[in-house]
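Notes follow the structure.
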Amino acid sequence: MRLLIVEDHPILADGLITALKSADYAVDHAASGERADHMLAAQHYDAVILDIGLPALDGYEVLRRMRRRGSKTPVLMLTARDALEDRVKGLDLGADDYLTKPYDLPELEARVRALIRRGQSGGGAELAHGPLMLDTAGRRATIKGNPLELSAREFGVLEVLMLRAGRVVSKEQLAERLYGWGEEVGANAIEVCVHRLRKKLEPAAVNVRTIRGLGYLLDKATHD
Ligand code: CA
């Protein structure tokens, strides 16, 4: 899952980036409204954490432009304490939730998880593929009810493949969902990850096919 943090205060931004990276999100950061606007127009995010007071464009304007482009990406606004007007304005413009500063990092993480859950197609937190089940909210995978141990990146790859079952997903698309901008992605990182994932999926008879030159494909589940 990929997040954009829009926060101009360097210390607050660092705290958010560190906390969310250690919760296994791919994290990008914009320190101005203008930069955020460019990134949001160019890249899909699963959720945005948006400060209001920003240089160049304020958070309201960033949100207004996003929604005008038709983006449904969930937005958590960061507002000043007791600023009721800010909260009302943010929600009117299409923010999904808000948190007042100073916030608690564990609370912020919980709000982000809830937003992503609500933002996902159909709102269902569980994905099924034959005997394989993925609980995207709890980050747990099972085969016929037995726990399947996956690393955060293996889970991420499997989640994308399951969401797009029956369609080819390129390595670039996978890397984009799993890594932040500027993060080094080794040439073989995705291949190694898929290789490990295949081994772990053997008991479920779920096959991740390599489509040469294009990427990977998870066949649509067949139901008996
Ligand atoms: Ca600010």
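Counting starts at 1 for both ligands and their atoms, in listed order. In this chain, residues are counted from 1 in sequence order.
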(message) Set out, in order, the CA-CA distance, both residues' side-chain angles and the distance that settles salt bridge (Lys or Arg N to Asp or Glu O under 4.0 Å) for Arg67 and Asp96, then state yes or no.
(response) CA-CA 12 Å; Arg67 294 301 184 232; Asp96 299 86; 3.0 Å; yes
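- A donor-acceptor pair shorter than 3.5 Å can be found between the side chains of Tyr45 and Asp28.
- The Ca ion (ligand 1) sits nearest to atom OD1 when only the N, O or S atoms of Asp8 are considered.
- Within Asp51, the N/O/S atom positioned nearest the Ca ion (ligand 1) carries the name OD2.
- Here the side chains of Leu174 and Tyr216 are in contact, with some heavy-atom distance below 4.5 Å.
- Using a cut-off of 3.0 Å, one finds that Leu54 contributes no N/O/S atom close to the Ca ion (ligand 1).
- A donor-acceptor pair shorter than 3.5 Å can be found between the side chains of Asp86 and Tyr60.
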